[in-house]
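Some notes on the structure that comes next.
These numbers come from a predicted model, not from an experiment. We count ligands from 1, going down the list as the structure has it; atoms in each ligand are counted the same way. What you see below is based on every heavy atom in this structure, not just the backbone, and it leaves out hydrogens, waters and symmetry mates.
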Amino acid sequence: MKNSEMIKIFDTTLRDGEQTPGVGLTPDEKLEIARTLDRLGVDTIEAGFPITSKGEIEGVRLIANEGLRAEIAALARAHKTDIDTAVSTGVKCVHVFIATSDIHLQHKLNMTRDEALQTAVKYVKYAKEHGVQVEFSAEDACRSDTEYLIKVLQGVSDAGADRIDIPDTVGVMHPVAMYNLISKVKNAISIPISIHCHNDFGLAVANSLAAVEAGAERVHCTINGLGERAGNASLEEVVMSLHNLYGKKTNINTRLIYEASKLVSRLTGIVVQPNKAIVGENAFGHESGIHTHGLLNMPLTYEPLEPELVGRKRWIQAGKHAGSHGIKAMLDQLAISVSDAQLKEIVARVKDLGDKGKRLTDADLESIADTVLGRVGEEKILQLVDLSVMTGTKSMPTASVKLLVDGKAYVVAETGVGPIDAAIKAIQKLGEGLGNIKLADYRLDAITGGTDALGEVSVKVEDKDGLVATAKATNEDVVVASVEAMIEGMNRLLLKRRVVQPKVAMPNP
Ligand code: KIV
Ligand code: ZN
């Protein structure tokens, strides 16, 4: 294996990823993701499967005409109309596929092996006549008879395919089997090989890496591992493993991985599991006292990668496993200074609450510290006087917030994607004149079930100098809880800042 080999990334978030049950992206959302994938450095963006709908044609066309650096591909069955539609969008690459397993041939295509071979060859030639790159996929390759599979791959290769892809369509391979299969294909075929793995047994990344070891040059993957059923090989795991464990290179700017993951999660509505490698909320979070102590001395003790390498920051959780080093580091980050005795008391209270099963946020830690330091009931610089929101299916959600800032009244109004967004934007507008205080993190939890559930909102706010404060509020009305948490967070931050700057700069009324 040559360690310096460059592996190409074929991103299929917008095609196989969009086939995740329940996901549907508008053409504009697809374009937004494509721009981010392009900045991320993927080599190919599979923008969609144009024959499926008018919106899909529009989305693929928008992406193909955006002048992106990446090669834009579209999927097409080995059918004339599929290929014509794909070509009409202006893509540079058509990804032509036909199944080669007996299961698919008998139960889906109703074709003999020979008919499928002839069809594959015919439509690869047809696609090539349109002057595009052609990547050919033998769907369900891994459950196909290997000799027949290789015959098909040789046929399409002779017909002019630029590269071939081996999909593990139902995710049934294991790494050794994958290594053996790709080695055989590599011996028989001279054009580049791609690998496309599904995650039904949780082995999509491992199988993709085994394929690369056996000579595959290109990996199909999706952001956050989205895709049919259990998903596809996740881009972030494939890329970080290739770089850090296999000594391979890709064109990916890994520092943009987290941003891409957040965007895809937001636009698809598919939440990333907290313990997901690389992009999960907990991937760089630490609670145990032993771990945080080691980590604060030398991050390598408990982190295999620097979080910044994938655009993230490490964080420490207060809880029953926490130790004084970790809590001290968290308090330092919140700009709260404590004596040794106060720290001991704070740690004891944290552990006590942790033992009672409480999940402690930064805001909880800050309020424990407030109590121990006797800062409860401190002066409020900002006070909520009134909040009104307007929302509906036809009108743009709008919020108007009346606040007192050091006793002087201000009214701020904004629109947003929903009433919470509008209200937070309105308050942030005021925050611009107060050291550019912005919402850095927001979390909404329902404490009880039912439509009258209490909503608990936790926020983290940050000013232009990187000073942070956290706060929490609970209310049956989640908009009110959000506004109260935001205002409390800003108050805490402003009070912290007053320690360094005696006077708060006033916003324009
Ligand atoms: O999983 C699969 O077989 C596919 C093909 C269309 C490449 O997504
Ligand atoms: Zn697939």
Pairs under 3.5 angstrom, nitrogen or oxygen on both sides, ligand 1 versus protein: list them out, please.
unit_1	atom_1	unit_2	atom_2	d
ligand 1	1 (O)	His196	NE2	3.1
ligand 1	1 (O)	His198	NE2	3.0
ligand 1	3 (O)	Thr169	OG1	2.6
ligand 1	8 (O)	Arg15	NH1	3.3
ligand 1	8 (O)	Arg15	NH2	3.0
ligand 1	8 (O)	Asp16	OD2	3.1
ligand 1	8 (O)	His196	NE2	3.1

(Q) Under 6.0 Å between ring centres: does that hold for His95 and His220? (A)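 Under 6.0 Å, so yes.
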Q: Quickly, which of Thr26, Ile33, Thr36 forms a side chain to side chain contact (heavy atoms under 4.5 Å, CB included) with Leu267? Name it, please.
A: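 Answer after filtering Thr26, Ile33, Thr36: Ile33.
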(Q) Quick test of your reading of the model: are Arg255 and Glu308 salt-bridged, counting only N-O distances below 4.0 Å? (A) no
Q) When you measure from the side chain of Asp162 to the backbone N and O of Val134, does any donor-acceptor pair fall under 3.5 Å? A)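 Confirmed, Asp162 side chain pairs with Val134 backbone.
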(Q) Has Ser144 got a side-chain atom pairing as donor or acceptor with Thr146's backbone, closer than 3.5 angstrom? (A) no
**Q.** Protein N/O/S neighbour count - the Zn ion (ligand 2), strictly under 2.8 Å
**A.**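 Considering protein N, O and S only, the Zn ion (ligand 2) has 3 within range.
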Q.
Given Arg35, which partner from the list Glu29, Glu259, Glu66 fulfils the salt bridge (Lys or Arg N to Asp or Glu O under 4.0 Å) test?
A. Glu66
**Q.** Whether over 12 other heavy atoms sit under 6.0 Å from Lys108 NZ
**A.**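 Result for NZ/Lys108: enclosed.
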Q: Could you tell me how the ring of His130 sits relative to the ring of Tyr126: parallel (under 30°), tilted (30 to 60°) or perpendicular (over 60°)?
A: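 Perpendicular, since the angle between the ring planes exceeds 60°.
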Q) Which of these passes side-chain hydrogen bond (donor to acceptor under 3.5 Å, both in side chains) with Asn232: Asp16, Thr222, Asn224? A) Asp16
